[in-house]
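Every chain is numbered from 1 and lettered A, B, ... according to where its sequence line falls, protein lines coming before strand lines. Reckoned from all heavy atoms, side chains included, excluding hydrogens, waters and symmetry mates.
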There are 2 protein chains.
Amino acid sequence: MAQNELAHALEILKSHKVRLTPQRKTILNYLITHHTHPSAEMIYEDLKQHDDSISIATVYNTVRLLVDYHLVIELKNGDGSTHFDYFGQPHYHVVCENCGKIADVFAPEFSRLNQQLDEITRQQTHYLVNRTDIEVKGLCPECQAKLGLLHNR
Amino acid sequence: MAQNELAHALEILKSHKVRLTPQRKTILNYLITHHTHPSAEMIYEDLKQHDDSISIATVYNTVRLLVDYHLVIELKNGDGSTHFDYFGQPHYHVVCENCGKIADVFAPEFSRLNQQLDEITRQQTHYLVNRTDIEVKGLCPECQAKLGLLHNR
DNA sequence: CCCTAAATTTAGAATGATTCTTAACGGAGA
DNA sequence: TCTCCGTTAAGAATCATTCTAAATTTAGGG
């Protein structure tokens, strides 16, 4: 399944005449198999640990490329860097405003909601819509507990 | 109306025991009366032109404060800086991926959609939801025309 | 299978938005 | 009015990201 996912993503790139370099395959595969919402720096460090060492510039170039082709989406969690997530299945994200932890949300309504939003947006602004991202912010269960304790003193 | 809006916003800050300094009032008033989605730098430059000169550090501090109290929301348009918008009426934004122009979208469904999203998010992740932002990306009418011309050659 | 053009990778420098630091200042409650 | 403590300001510092230029590599054609 992850194997198919990689092949599928590579196929999309290929069909756009994007060169399939080893670095791009490595990073794409990393994102498909690690749903940890890593930053460019984290991808770079993690790959350095293992066999493949890829320059930080290439990591930045590649994730931007993958975002352009809608294979990956960008996330901000307030730590100053940009985080990335492979976008195989439609979903959105919740970010903890206290610790920055990111969680995925898979909602069956997601596609329909997006279509609705696209339509409203198009009618009201005449923009040609490419993508719609939903970003929810709040407190993760752990931070609720922590902050709850403090409030109870 | 803008007058009331300012008073209303100041009241919210006051109720949270936030000090109402002249700088904060100036910046808040600027954002209430300028729906141009300015960056911190743009706010700083624009206020320098007129009577009030406020340090760039204070502009950054103040917009962060206003975001924390949900009076203002942050936007990214791909130019590297963060843009700000007074959030008096619930709305969301479309960003042009070509030129960065930001447009507001006011949808009557917006509040209901948000509630739905909050509920789904809460059930699935147990996060305590604070706010939900929707960000649509696409091409503004002008850029559609420009790029359309290029494609037709 | 080899060659070539054009794209990509890389290391390190450069950029630039944002944050930090520290001293002076000023709101607001008593 | 006084005092405490949060806020402002200028400039330095940080750090994520982009840029630069040279070396390398992909992919298509012969």
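- No donor-acceptor distance shorter than 3.5 angstrom exists from the side chain of B:Gln116 to the backbone of A:Leu113, with no hydrogens or angles considered.
- Interatomic distance, CE of A:Met42 versus CG of A:Asp46, reported as 8.0 Å (0.5 Å rounding).
- In this structure, B:Glu74 atom CD and C:dA17 atom P are separated by 16 Å, rounded to whole Å.
- The nearest whole Å value for the distance from the NZ atom in B:Lys17 to the P atom in D:dC5 is 16 Å.
- Among the protein residues, A:Thr58 comes within range of the nucleic acid bases, having at least one heavy atom under 4.0 Å from a base atom.
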Report the C-alpha separation of A:His35 and A:Asp85 in whole Å, then their side-chain angles, then the decisive distance to 0.1 Å, and conclude whether the side chain to side chain donor-acceptor pair (under 3.5 Å) test is met. CA-CA 6 Å; A:His35 293 178; A:Asp85 192 24; 5.2 Å; no

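- Mapping A:Arg19 and B:Arg19 onto DNA chain C via the closest heavy atom, the residue that lands nearer the 5' end is A:Arg19.
- Judged by distance alone, with hydrogens and angles left aside, the side-chain atoms of A:His8 form no donor-acceptor pair with the main-chain N or O of A:Leu6 at under 3.5 Å.
- For the pair B:Leu13 CG and D:dG6 P, the interatomic distance rounds to 17 Å; values are reported in whole Å.
- The side chain of B:Arg24 places an N or O atom within less than 4.0 Å of a non-bridging phosphate oxygen (OP1 or OP2) of D:dT7.
- No contact: B:Ser39 has no heavy atom under 4.0 Å from any strand.
- Going from atom NZ of A:Lys48 over to atom C1' of C:dT9 covers 17 Å, rounded to whole Å.
- Side-chain contact check for B:Thr132 versus A:Glu135: every heavy-atom pair is 4.5 Å or farther apart.
- Among the nucleotides C:dT10, C:dT8, C:dG26, the one closest to the side chain of A:Gln23 is C:dT10.
- When distances run from any side-chain atom of B:Ser55 to the nucleotides D:dA27, D:dA10, D:dT17, the shortest one goes to D:dA10.
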Using the 3.5 Å cut-off, write out each protein N or O paired with an N or O of nucleotides 18-22 of chain D and the distance between them.
from   : atom 1 : to      : atom 2 : distance (Å)
D:dT18 : OP1    : A:Arg64 : NH2    : 3.2

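- Along DNA chain C, the nucleotide nearest to B:Gly80 and the one nearest to A:Ser53 differ in position, and the one closer to the 5' end is contacted by A:Ser53.
- Put simply, A:Ser81 has no side-chain N or O that comes within less than 4.0 Å of OP1 or OP2 on D:dC15.
- Residue A:Tyr30 holds its OH atom at 14.0 Å from OG1 of A:Thr62, rounded to the nearest 0.5 Å.
- The phosphate of C:dG26 has neither OP1 nor OP2 within less than 4.0 Å of any side-chain N or O from B:Thr21.
- Atom P of nucleotide D:dT7 and atom NZ of B:Lys25 are separated by 14 Å, given to the nearest angstrom.
- Going from atom CE of A:Met42 over to atom C1' of D:dT17 covers 17 Å, rounded to whole Å.
- What separates CG of B:Leu65 from P of D:dT8 is a distance of 9 Å, to the nearest Å.
- Ring centroid separation for the pair A:Tyr69 and A:His16 comes in under the 6.0 Å cut-off.
- Atom NE2 of B:His83 is separated from atom C1' of C:dA17 by 11 Å (rounded to the nearest Å).
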